[in-house]
Amino acid sequence: MNENIKRFSYPYIVWISIVIVIPVLLIFLYSFIQSTGEPVVFRFTLQNYRDFLDPIFLNVLWHSFIIAAISTAICLLLGYPVAWVVSRLKPHRQSSALMLFILPMWINMLLRTYAWITILSRQGILNKILARLGMGPFHMMYTDFSVSLGMVYNFLPFMILPIYTSILKVDGHLIDAARDLGASGSHVFRKVMLPLTMPGIITGVTMVFLPAMSTFVIPQLLGGGQYIMIGNLIERQFLLTGDWHFGSAISVVLMAFILLSVWAMKRFDGGGSQAGTAGKGALPW
Amino acid sequence: MKKWLILLAAVFLVSCGGDQRPRLFVYNVGEYMDTSVLEEFEEEYGVRVIYETFDSNETAYQKLKAGTTAYDVVFPSDYMIEKMIKEDMLEKLDFSLIPNFENLLPEFTYLEYDPKNLYSVPYFWGTVGIVYDTRLVNGSVDSWSALWDERYEKEIFMYDSQRDSLMVALKLLGYSLNTHKTEELEAAKSLLIKQSPFVIAYITDVVISNMIAGNAGLAVVYSGDAAYIMDENESMEYVIPKEGSNLWVDAMVIPKMSNNKELAHAFIDFILRPEIGLANTEYVMYSTPNALVLEELEGEGWTENDAFNPDLSKFPNLEMFKDPGEFVAEYDRIWIEILAGAK
């Protein structure tokens, strides 16, 4: 039986080697070589990485990290209560509520993001409504605000779903028991719910932070070029400048940065949910 | 189950084998052609046109260099054509197959980027200038320095293209837009970073819808986009600043890797027909180098318009971009520093 199932995984292994493993290896290779002007002769070099140590690029990396971290934090603050409320609904209501969060994702991401331009512009819908109320106009488009908003809007479902799943797994009797023993509402949350749902939180944070850190479409559309993030830098190296070696080096740096963040979060999980019984099953790796 | 499979296979076969017409791969700038003329071409020649678009010359160059699609006709700009000729990427044209070449105005052929006019056929031309909202700007704008005016804080859109934005600063400083001096580029960089608090954003095509909606007071735009904006929003005005600006020509070329060169020539000739040229001009609103199209437009209020058809003798300090060669690395570096430093 086990052997049979294994056989079904072969197409997946072939697929993943072609579209993920080989390209990643190529990026690694490209980042360490330099063309010599002759077609097939390359030289090993660390120069591409040295170039990245320029304060300007480090600044871009730092700024990307800050915006991604802020967006992830907002997603968590919004997503946790929402997941909680949904999990307390009647079962048939729950699935329709979840549907409401997933529904917008059926629309192309570019369209959804473009729509915000119409809403946030100076002559946009929001400013028109505010003008009726005697306020504004506010400068919202092409700012840190619009970029973060675009990210929160696009990535929020990735936060809600894993947290919702982990809340469902919590045994309701534990909460009742805590209550019976005299724990206050905030006590129950901090000492029981939070540790038990930590795996969901970690998964949600990871699934929001990773795309937020590397996206280039959202800062491009809603940041108006002046919010250049690490993803935009990589895009420019490949599409405009044509320096594939430097672009690859930045990609490798980004990958290392993300792996490091995931590792740090896993460590955090190990410390935080010792009391938990839900385990780490919710982590995808 | 079996029946379904057979049906599925049949659908597959039909959809794959249905279209036996020869294919022509056209690669043009976005929103830069009335695509109904493509259907006309398809019908007349019994071919299928695969039409793809790009948003900057640099993108197009990278795509051609990668060689993944064998494009037959491409529409790059002057300096990029110069670079492609230098790198032996373009086919010499057979002008006996392009009789409509004689429809073109002489001042737009045999230009610096292709001095013997062996590789390219001009498609549209234009300038770069400032489009501004007359309700916001008192008096008229005539200098690039308006983009550094404190009164217009957060009222300015710049163009997200390194050559165009650097051009603005270089011209204001009185330098050539083809400078090869690092210190002049550094001066332009400081000027642009100084400007960044006044700028709302660096954007490309969305500048059109933004200016029509009135989301900013001033914007750096291409002349044809300006003509379109002014057509849609009456309070907008276009000016070519007195310090001078960029004069550009976009032209049709056939890459060496084209598989269907004869048809590519036919397509170029087709585009030069007066009625096709007119349809495209009315659609994109850029300046046409086609004398017959210009005749058709006479008396419609277009030919007196500086955005659509500036009298070049009135603007002596317009310059065309040249391929910077290896020096492009300096432009790239300076531009990234501006974008990363502007906040």
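To find a chain, count down the sequence lines: A is the first, B the second, and so on, and within it residues start at 1.
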Nearest 0.5 Å, please: how far is [atom2] in [Y] from [atom1] in [X]?
| X | Y | atom1 | atom2 | value |
| --- | --- | --- | --- | --- |
| T59(B) | L240(A) | OG1 | CG | 5.0 Å |
| I228(A) | W335(B) | CD1 | CH2 | 9.5 Å |
| I203(B) | M141(A) | CD1 | CE | 8.5 Å |
| E337(B) | I56(A) | CD | CD1 | 3.5 Å |
| R333(B) | D54(A) | CZ | CG | 9.0 Å |

- line: Hits for salt bridge (charged side-chain N to carboxylate O under 4.0 Å, His left out) against E58(B), two or more places apart or cross-chain, chain-then-number order -> none

query: If you count heavy-atom pairs under 4.5 Å with chain A, which of I200(B), N57(B), V328(B), V199(B) comes out on top?
result: I200(B)

query: For chain A, which residues from residues 153-160 of chain B have at least one heavy atom closer than 4.5 Å to it?
result: K154(B), E155(B), F157(B), D160(B)

field: Residues of residues 205-217 of chain B contacting chain A, heavy-atom criterion under 4.5 Å, by residue number
entry: V206(B), N210(B), A213(B), G214(B), N215(B), A216(B), G217(B)

Is the number of heavy atoms from other residues, nucleotides or ligands under 6.0 Å of [X] [atom1] greater than 12?
| X | atom1 | result |
| --- | --- | --- |
| F52(A) | CZ | yes |
| K86(B) | NZ | yes |
| W244(A) | CH2 | no |
| Y12(A) | OH | no |
| E183(B) | CD | yes |
| Q123(A) | CD | yes |
| R132(A) | CZ | no |
| Y51(B) | OH | yes |

message: side chain to side chain contact (heavy atoms under 4.5 Å, CB included) for L339(B) and R236(A)? Distances and angles first, verdict last.
response: CA-CA 12 Å; L339(B) 287 181; R236(A) 269 172 204 273; 3.4 Å; yes

message: Is L221(A) in contact with chain B via its backbone, its side chain, both, or neither, using a 4.5 Å heavy-atom distance?
response: neither

field: Contact class of F57(A) relative to chain B, heavy atoms under 4.5 angstrom
entry: side chain

query: Taking every heavy-atom pair that is under 4.5 Å apart, which of D243(A), T241(A), N232(A), I117(A) has the most such pairs with chain B?
result: T241(A)

message: Show the nearest heavy-atom pair for residues F238(A) and Q62(B), with the distance to one decimal.
response: O-CG, 3.8 Å

Let me have the donor-acceptor pairs involving side chains of residues 208-219 of chain A, under 3.5 Å, with sequence neighbours excluded, atom names and distances please.
{"from": "S214(A)", "atom 1": "OG", "to": "L210(A)", "atom 2": "O", "distance (Å)": "3.1"}
{"from": "T215(A)", "atom 1": "OG1", "to": "V217(A)", "atom 2": "N", "distance (Å)": "3.4"}

